[in-house]
There are 2 protein chains.
Amino acid sequence: MTVAITRFEEKIAGYGGDGPKLENCPVRTVIDHIGGKWSTLLLLALSEKPYRFGELRRLVPDISQRMLTQTLRDLERDGYVLRTVFPTKPPSVEYRLTDLGHSLFKALCVLLDWAEGNYLAVKDARRSFDERNA
Amino acid sequence: MTVAITRFEEKIAGYGGDGPKLENCPVRTVIDHIGGKWSTLLLLALSEKPYRFGELRRLVPDISQRMLTQTLRDLERDGYVLRTVFPTKPPSVEYRLTDLGHSLFKALCVLLDWAEGNYLAVKDARRSFDERNA
DNA sequence: CCGCATCCGCTCGGATACTG
DNA sequence: CAGTATCCGAGCGGATGCGG
(Lines give C-alpha, C1' and ligand atoms only; values in the text may rest on other atoms or scores of the structure.)
Protein backbone atom coordinates (compact mmCIF):
# COMPACT_ATOMS: atom_id res chain seq x y z
CA MET A 1 0.00 0.00 0.00
CA THR A 2 3.00 2.26 -0.06
CA VAL A 3 2.09 3.07 -3.60
CA ALA A 4 -0.82 5.19 -2.51
CA ILE A 5 0.92 8.45 -1.71
CA THR A 6 3.01 8.13 -4.79
CA ARG A 7 -0.16 7.62 -6.72
CA PHE A 8 -1.72 10.61 -5.09
CA GLU A 9 1.09 13.05 -5.61
CA GLU A 10 1.73 11.99 -9.16
CA LYS A 11 -1.78 11.37 -10.32
CA ILE A 12 -3.90 13.79 -8.37
CA ALA A 13 -2.14 16.63 -6.66
CA GLY A 14 -0.29 17.59 -9.82
CA TYR A 15 -3.52 18.42 -11.57
CA GLY A 16 -4.69 21.20 -9.32
CA GLY A 17 -2.11 23.82 -10.20
CA ASP A 18 -2.05 26.65 -12.66
CA GLY A 19 -2.05 24.83 -15.99
CA PRO A 20 -5.21 23.64 -17.68
CA LYS A 21 -4.42 20.14 -16.50
CA LEU A 22 -7.38 19.44 -14.26
CA GLU A 23 -9.40 17.89 -17.03
CA ASN A 24 -6.59 15.40 -17.59
CA CYS A 25 -6.79 13.88 -14.13
CA PRO A 26 -7.86 10.28 -14.69
CA VAL A 27 -9.60 9.89 -11.38
CA ARG A 28 -11.69 13.00 -11.72
CA THR A 29 -12.48 12.34 -15.37
CA VAL A 30 -14.13 9.05 -14.56
CA ILE A 31 -15.30 9.28 -10.97
CA ASP A 32 -17.01 12.64 -11.29
CA HIS A 33 -19.40 11.19 -13.86
CA ILE A 34 -20.32 7.89 -12.29
CA GLY A 35 -20.82 9.60 -8.97
CA GLY A 36 -24.24 10.85 -10.03
CA LYS A 37 -27.36 9.76 -8.26
CA TRP A 38 -28.47 7.23 -10.88
CA SER A 39 -25.45 6.21 -12.98
CA THR A 40 -24.40 3.32 -10.77
CA LEU A 41 -27.92 1.98 -10.51
CA LEU A 42 -28.41 2.01 -14.28
CA LEU A 43 -25.04 0.39 -14.98
CA LEU A 44 -26.01 -2.32 -12.52
CA ALA A 45 -29.38 -2.81 -14.19
CA LEU A 46 -27.84 -3.06 -17.66
CA SER A 47 -24.98 -5.27 -16.56
CA GLU A 48 -26.69 -8.54 -17.33
CA LYS A 49 -28.82 -7.77 -20.35
CA PRO A 50 -30.09 -4.89 -22.49
CA TYR A 51 -33.26 -3.10 -21.56
CA ARG A 52 -35.72 -0.78 -23.18
CA PHE A 53 -36.56 2.64 -21.84
CA GLY A 54 -39.81 1.68 -20.19
CA GLU A 55 -38.31 -1.41 -18.63
CA LEU A 56 -35.58 0.62 -17.00
CA ARG A 57 -38.21 2.98 -15.70
CA ARG A 58 -39.98 0.13 -13.98
CA LEU A 59 -36.75 -1.37 -12.68
CA VAL A 60 -35.81 1.87 -10.92
CA PRO A 61 -39.20 2.94 -9.63
CA ASP A 62 -38.22 6.28 -8.16
CA ILE A 63 -36.32 7.75 -11.11
CA SER A 64 -38.03 10.51 -13.06
CA GLN A 65 -38.36 10.33 -16.82
CA ARG A 66 -36.16 13.35 -17.16
CA MET A 67 -33.31 11.90 -15.11
CA LEU A 68 -33.55 8.53 -16.85
CA THR A 69 -33.16 10.15 -20.25
CA GLN A 70 -30.36 12.42 -19.11
CA THR A 71 -28.38 9.77 -17.25
CA LEU A 72 -28.62 7.35 -20.17
CA ARG A 73 -27.44 10.11 -22.46
CA ASP A 74 -24.43 10.79 -20.25
CA LEU A 75 -23.57 7.10 -20.09
CA GLU A 76 -23.83 6.92 -23.86
CA ARG A 77 -21.61 9.94 -24.24
CA ASP A 78 -18.92 8.40 -22.05
CA GLY A 79 -19.01 5.26 -24.19
CA TYR A 80 -20.50 2.95 -21.57
CA VAL A 81 -23.89 2.46 -23.19
CA LEU A 82 -24.99 1.84 -26.77
CA ARG A 83 -28.38 3.25 -27.76
CA THR A 84 -30.22 1.54 -30.62
CA VAL A 85 -33.50 2.78 -32.08
CA PHE A 86 -35.79 0.24 -33.76
CA PRO A 87 -38.12 2.08 -36.14
CA THR A 88 -41.13 -0.02 -35.26
CA LYS A 89 -44.54 1.44 -34.59
CA PRO A 90 -44.53 2.59 -31.89
CA PRO A 91 -40.75 2.93 -31.81
CA SER A 92 -38.68 1.05 -29.30
CA VAL A 93 -35.21 1.92 -28.05
CA GLU A 94 -32.74 -0.50 -26.60
CA TYR A 95 -29.92 0.33 -24.22
CA ARG A 96 -27.03 -2.07 -23.92
CA LEU A 97 -23.64 -1.95 -22.22
CA THR A 98 -20.64 -1.60 -24.51
CA ASP A 99 -17.40 -3.47 -23.88
CA LEU A 100 -16.12 -0.39 -22.09
CA GLY A 101 -19.29 -0.37 -20.02
CA HIS A 102 -18.89 -4.00 -19.02
CA SER A 103 -15.27 -3.34 -18.19
CA LEU A 104 -16.24 -0.45 -15.95
CA PHE A 105 -18.96 -2.50 -14.32
CA LYS A 106 -16.52 -5.23 -13.37
CA ALA A 107 -14.43 -2.67 -11.52
CA LEU A 108 -17.53 -1.15 -10.00
CA CYS A 109 -18.69 -4.56 -8.80
CA VAL A 110 -15.95 -4.70 -6.18
CA LEU A 111 -17.31 -1.51 -4.68
CA LEU A 112 -20.91 -2.71 -4.84
CA ASP A 113 -19.99 -5.91 -3.05
CA TRP A 114 -18.21 -3.90 -0.40
CA ALA A 115 -21.29 -1.75 0.02
CA GLU A 116 -23.50 -4.79 0.53
CA GLY A 117 -21.12 -6.25 3.08
CA ASN A 118 -20.45 -3.10 5.07
CA TYR A 119 -23.38 -0.75 4.86
CA LEU A 120 -24.61 -1.81 8.27
CA ALA A 121 -21.30 -0.75 9.80
CA VAL A 122 -21.62 2.57 8.01
CA LYS A 123 -25.13 3.11 9.28
CA ASP A 124 -24.00 2.29 12.80
CA ALA A 125 -21.12 4.74 12.54
CA ARG A 126 -23.53 7.43 11.40
CA ARG A 127 -25.95 6.81 14.22
CA SER A 128 -23.15 6.79 16.76
CA PHE A 129 -21.71 10.03 15.39
CA ASP A 130 -25.09 11.74 15.46
CA GLU A 131 -25.62 10.71 19.06
CA ARG A 132 -22.25 12.07 20.15
CA ASN A 133 -23.14 15.42 18.59
CA ALA A 134 -26.68 15.66 19.90
CA MET B 1 -22.25 -12.41 -14.62
CA THR B 2 -25.73 -13.89 -14.49
CA VAL B 3 -25.86 -12.80 -10.92
CA ALA B 4 -26.24 -9.18 -11.89
CA ILE B 5 -29.93 -8.99 -12.66
CA THR B 6 -30.71 -11.09 -9.64
CA ARG B 7 -28.64 -8.69 -7.64
CA PHE B 8 -30.45 -5.77 -9.14
CA GLU B 9 -33.97 -6.98 -8.63
CA GLU B 10 -33.34 -8.19 -5.12
CA LYS B 11 -31.02 -5.53 -3.88
CA ILE B 12 -32.04 -2.39 -5.72
CA ALA B 13 -35.43 -2.40 -7.37
CA GLY B 14 -37.14 -3.60 -4.22
CA TYR B 15 -36.18 -0.46 -2.36
CA GLY B 16 -38.03 2.04 -4.48
CA GLY B 17 -41.59 1.12 -3.61
CA ASP B 18 -44.02 2.38 -1.03
CA GLY B 19 -42.37 1.30 2.20
CA PRO B 20 -39.71 3.38 3.92
CA LYS B 21 -37.09 0.99 2.61
CA LEU B 22 -35.03 3.28 0.42
CA GLU B 23 -32.63 4.12 3.19
CA ASN B 24 -31.91 0.43 3.61
CA CYS B 25 -30.55 -0.04 0.09
CA PRO B 26 -26.88 -0.95 0.57
CA VAL B 27 -25.73 0.48 -2.72
CA ARG B 28 -27.34 3.84 -2.24
CA THR B 29 -26.33 4.07 1.39
CA VAL B 30 -22.66 3.85 0.52
CA ILE B 31 -22.32 5.10 -3.05
CA ASP B 32 -24.35 8.25 -2.59
CA HIS B 33 -21.86 9.50 -0.02
CA ILE B 34 -18.56 8.68 -1.68
CA GLY B 35 -19.85 10.09 -4.95
CA GLY B 36 -19.20 13.61 -3.79
CA LYS B 37 -16.71 15.84 -5.51
CA TRP B 38 -13.92 15.41 -2.96
CA SER B 39 -14.52 12.22 -0.96
CA THR B 40 -12.59 9.93 -3.27
CA LEU B 41 -9.67 12.30 -3.51
CA LEU B 42 -9.38 12.61 0.27
CA LEU B 43 -9.66 8.88 0.84
CA LEU B 44 -6.88 8.43 -1.66
CA ALA B 45 -4.73 11.03 0.06
CA LEU B 46 -5.23 9.47 3.48
CA SER B 47 -4.80 5.91 2.27
CA GLU B 48 -1.11 5.70 2.99
CA LYS B 49 -0.64 7.85 6.05
CA PRO B 50 -2.45 10.33 8.29
CA TYR B 51 -2.39 14.00 7.48
CA ARG B 52 -3.11 17.25 9.21
CA PHE B 53 -5.68 19.72 7.99
CA GLY B 54 -3.26 22.11 6.37
CA GLU B 55 -1.34 19.31 4.70
CA LEU B 56 -4.51 18.03 3.07
CA ARG B 57 -5.25 21.53 1.88
CA ARG B 58 -1.93 21.68 0.11
CA LEU B 59 -2.30 18.18 -1.30
CA VAL B 60 -5.60 19.06 -2.96
CA PRO B 61 -4.84 22.55 -4.16
CA ASP B 62 -8.24 23.43 -5.54
CA ILE B 63 -10.40 22.45 -2.58
CA SER B 64 -11.88 25.24 -0.51
CA GLN B 65 -11.49 25.30 3.24
CA ARG B 66 -15.20 24.92 3.66
CA MET B 67 -15.43 21.80 1.51
CA LEU B 68 -12.36 20.25 3.14
CA THR B 69 -13.89 20.63 6.57
CA GLN B 70 -17.28 19.39 5.46
CA THR B 71 -16.03 16.41 3.48
CA LEU B 72 -13.76 15.31 6.32
CA ARG B 73 -16.71 15.61 8.69
CA ASP B 74 -18.84 13.43 6.43
CA LEU B 75 -16.10 10.84 6.14
CA GLU B 76 -15.74 10.86 9.92
CA ARG B 77 -19.49 10.44 10.34
CA ASP B 78 -19.54 7.42 8.08
CA GLY B 79 -16.76 5.85 10.09
CA TYR B 80 -14.05 6.05 7.45
CA VAL B 81 -11.89 8.67 9.12
CA LEU B 82 -10.74 9.21 12.68
CA ARG B 83 -10.21 12.81 13.77
CA THR B 84 -7.77 13.48 16.59
CA VAL B 85 -7.16 16.88 18.15
CA PHE B 86 -3.77 17.54 19.77
CA PRO B 87 -4.16 20.42 22.27
CA THR B 88 -0.84 21.97 21.35
CA LYS B 89 -0.42 25.67 20.81
CA PRO B 90 -1.50 26.34 18.18
CA PRO B 91 -3.65 23.21 18.04
CA SER B 92 -3.09 20.56 15.42
CA VAL B 93 -5.63 18.06 14.11
CA GLU B 94 -4.80 14.72 12.57
CA TYR B 95 -7.00 12.78 10.19
CA ARG B 96 -6.41 9.07 9.79
CA LEU B 97 -8.24 6.26 8.01
CA THR B 98 -10.01 3.76 10.25
CA ASP B 99 -10.04 0.04 9.50
CA LEU B 100 -13.36 0.55 7.77
CA GLY B 101 -11.83 3.36 5.76
CA HIS B 102 -8.90 1.22 4.66
CA SER B 103 -11.33 -1.54 3.77
CA LEU B 104 -13.36 0.82 1.64
CA PHE B 105 -10.26 2.19 0.01
CA LYS B 106 -9.15 -1.26 -1.06
CA ALA B 107 -12.45 -1.71 -2.89
CA LEU B 108 -12.21 1.77 -4.30
CA CYS B 109 -8.71 1.09 -5.59
CA VAL B 110 -10.02 -1.26 -8.25
CA LEU B 111 -12.11 1.56 -9.63
CA LEU B 112 -9.26 4.07 -9.44
CA ASP B 113 -6.99 1.70 -11.35
CA TRP B 114 -9.69 1.28 -13.97
CA ALA B 115 -9.98 5.03 -14.27
CA GLU B 116 -6.25 5.40 -14.83
CA GLY B 117 -6.25 2.70 -17.46
CA ASN B 118 -9.34 3.78 -19.37
CA TYR B 119 -9.87 7.49 -19.02
CA LEU B 120 -8.40 8.11 -22.45
CA ALA B 121 -11.03 5.84 -24.01
CA VAL B 122 -13.70 7.74 -22.11
CA LYS B 123 -12.40 11.09 -23.29
CA ASP B 124 -12.33 9.80 -26.86
CA ALA B 125 -15.89 8.55 -26.59
CA ARG B 126 -16.99 11.94 -25.32
CA ARG B 127 -15.29 13.81 -28.12
CA SER B 128 -16.72 11.45 -30.70
CA PHE B 129 -20.21 11.80 -29.28
CA ASP B 130 -19.99 15.57 -29.23
CA GLU B 131 -18.88 15.61 -32.85
CA ARG B 132 -21.78 13.43 -33.97
CA ASN B 133 -24.18 15.83 -32.29
CA ALA B 134 -22.63 19.03 -33.53
C1' DC C 1 -3.56 26.39 12.89
C1' DC C 2 -8.06 24.90 12.44
C1' DG C 3 -12.06 25.81 11.87
C1' DC C 4 -17.22 28.20 11.80
C1' DA C 5 -20.69 31.67 9.76
C1' DT C 6 -22.61 34.03 6.15
C1' DC C 7 -23.84 35.05 1.56
C1' DC C 8 -24.70 33.69 -2.97
C1' DG C 9 -24.46 31.56 -7.72
C1' DC C 10 -25.12 27.39 -10.01
C1' DT C 11 -26.22 22.84 -11.10
C1' DC C 12 -28.91 18.76 -9.87
C1' DG C 13 -33.01 16.83 -9.96
C1' DG C 14 -38.37 16.55 -9.38
C1' DA C 15 -43.15 17.70 -11.39
C1' DT C 16 -45.84 18.59 -15.08
C1' DA C 17 -47.37 19.15 -19.73
C1' DC C 18 -46.68 18.40 -24.54
C1' DT C 19 -44.81 15.89 -29.31
C1' DG C 20 -43.98 11.98 -33.06
C1' DC D 1 -43.39 4.12 -26.41
C1' DA D 2 -39.88 7.27 -25.91
C1' DG D 3 -38.81 11.15 -25.43
C1' DT D 4 -38.63 17.06 -25.24
C1' DA D 5 -39.65 21.53 -22.95
C1' DT D 6 -40.37 24.37 -19.10
C1' DC D 7 -40.60 25.71 -14.45
C1' DC D 8 -38.98 25.58 -9.88
C1' DG D 9 -37.11 24.37 -5.25
C1' DA D 10 -33.18 22.39 -2.69
C1' DG D 11 -28.62 21.70 -1.88
C1' DC D 12 -23.76 21.67 -3.42
C1' DG D 13 -19.92 24.25 -3.41
C1' DG D 14 -16.99 28.83 -3.80
C1' DA D 15 -15.50 33.41 -1.56
C1' DT D 16 -14.94 36.04 2.22
C1' DG D 17 -14.61 37.35 6.96
C1' DC D 18 -14.44 36.16 12.04
C1' DG D 19 -13.17 33.23 16.31
C1' DG D 20 -10.46 29.91 19.76
Side-chain angles (χ1 to χ4, degrees), chain A residues 15-18 22-23 25 28 31-42 45-46 50-78 81-96 129 132-133, chain B residues 15-18 22-23 25 28 31-42 45-46 50-78 81-96 129 132-133:
Chain A
Y15 295 97
D18 300 325
L22 255 178
E23 63 207 23
C25 172
R28 304 199 191 197
I31 305 291
D32 283 0
H33 278 67
I34 64 168
K37 191 174 179 182
W38 305 108
S39 309
T40 306
L41 255 23
L42 289 179
L46 292 170
Y51 280 108
R52 292 175 50 189
F53 189 86
E55 294 175 320
L56 287 171
R57 241 195 127 169
R58 281 186 294 278
L59 280 176
V60 188
D62 56 339
I63 194 174
S64 69
Q65 201 175 32
R66 171 183 157 76
M67 277 301 106
L68 181 53
T69 301
Q70 184 173 306
T71 307
L72 286 170
R73 208 65 91 188
D74 291 343
L75 294 175
E76 185 195 3
R77 188 171 103 99
D78 280 13
V81 163
L82 179 67
R83 177 177 180 268
T84 312
V85 180
F86 297 101
T88 56
K89 208 170 69 134
S92 80
V93 181
E94 180 203 78
Y95 294 90
R96 119 178 6 245
F129 180 92
R132 281 198 304 277
N133 304 48
Chain B
Y15 295 97
D18 301 322
L22 256 179
E23 62 207 23
C25 173
R28 305 198 191 196
I31 306 291
D32 283 1
H33 278 67
I34 63 167
K37 191 173 179 183
W38 306 108
S39 308
T40 306
L41 255 23
L42 289 179
L46 292 172
Y51 280 108
R52 292 176 48 188
F53 189 86
E55 294 175 319
L56 287 172
R57 242 194 127 169
R58 280 185 295 276
L59 279 177
V60 189
D62 56 340
I63 194 174
S64 69
Q65 204 176 30
R66 170 183 158 75
M67 277 302 106
L68 181 53
T69 302
Q70 184 173 307
T71 307
L72 286 170
R73 205 66 90 191
D74 290 343
L75 294 175
E76 186 194 3
R77 189 173 102 99
D78 280 12
V81 163
L82 179 67
R83 177 176 180 269
T84 312
V85 181
F86 297 101
T88 55
K89 209 168 73 135
S92 82
V93 181
E94 180 202 77
Y95 294 91
R96 146 195 321 265
F129 180 91
R132 282 197 305 275
N133 304 49

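The sequence lines fix the lettering, A, B, ..., with proteins before strands; numbering per chain opens at 1. What you are looking at is a predicted structure, and each value in this text was computed from that prediction instead of being measured.
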Spacing between [X] atom [atom1] and [N] atom [atom2], to the nearest angstrom:
X: A:L68; N: C:dT16; atom1: CG; atom2: P; value: 18 Å
X: A:L72; N: D:dT4; atom1: CG; atom2: P; value: 11 Å
X: B:E55; N: C:dC2; atom1: CD; atom2: C1'; value: 13 Å
X: A:R57; N: C:dG13; atom1: CZ; atom2: C1'; value: 15 Å
X: A:D32; N: D:dC12; atom1: CG; atom2: C1'; value: 13 Å

Between the protein and nucleotides 13-18 of chain D, list the N/O to N/O atom pairs that are separated by less than 3.5 angstrom.
{"from": "D:dG13", "atom 1": "N7", "to": "B:R66", "atom 2": "NH2", "distance (Å)": "3.0"}
{"from": "D:dG14", "atom 1": "OP1", "to": "B:K37", "atom 2": "NZ", "distance (Å)": "3.3"}
{"from": "D:dG14", "atom 1": "OP2", "to": "B:S64", "atom 2": "OG", "distance (Å)": "3.3"}
{"from": "D:dG14", "atom 1": "O6", "to": "B:R66", "atom 2": "NE", "distance (Å)": "3.0"}

Does a salt bridge link A:R58 with A:E55, judged by any charged N lying under 4.0 Å from a carboxylate O? no

Could you state the interatomic distance from [atom1] ([X]) to [atom2] ([Y]), rounded to the nearest 0.5 Å?
X: B:L56; Y: B:L46; atom1: CG; atom2: CG; value: 5.0 Å
X: A:T69; Y: A:I63; atom1: OG1; atom2: CD1; value: 8.5 Å
X: A:R83; Y: A:R77; atom1: CZ; atom2: CZ; value: 15.5 Å
X: B:D78; Y: A:F129; atom1: CG; atom2: CZ; value: 9.5 Å
X: A:C25; Y: B:L41; atom1: SG; atom2: CG; value: 6.5 Å

D:dA2 OP1/OP2 closer than 4.0 Å to side-chain N/O of A:R73: no

Residues that [X] engages under side-chain contact (heavy atoms from CB on, under 4.5 Å), provided they are two or more places apart:
X: B:L82; value: B:T84, B:T98
X: A:P91; value: none
X: A:R66; value: A:S64, A:Q70

Within residues 86-95 of chain A, which residues have any heavy atom lying less than 4.0 Å from an atom of DNA chain D? A:P90, A:P91, A:S92, A:V93, A:Y95

Among C:dG3, D:dG3, C:dC2, which nucleotide has an atom closest to any side-chain atom of B:R52? C:dC2

One would report the end-axis bend of the helix from C:dC1-D:dG20 to C:dG20-D:dC1, five pairs per end and rounded to 10 degrees, as 40°

With side chains defined as the heavy atoms from C-beta onward, is the minimum distance between B:L68 and B:V60 less than 4.5 Å? no

Among B:L72, B:L75, B:L42, find the residue that satisfies the side chain to side chain contact (heavy atoms under 4.5 Å, CB included) test when tested with B:Y95. B:L72

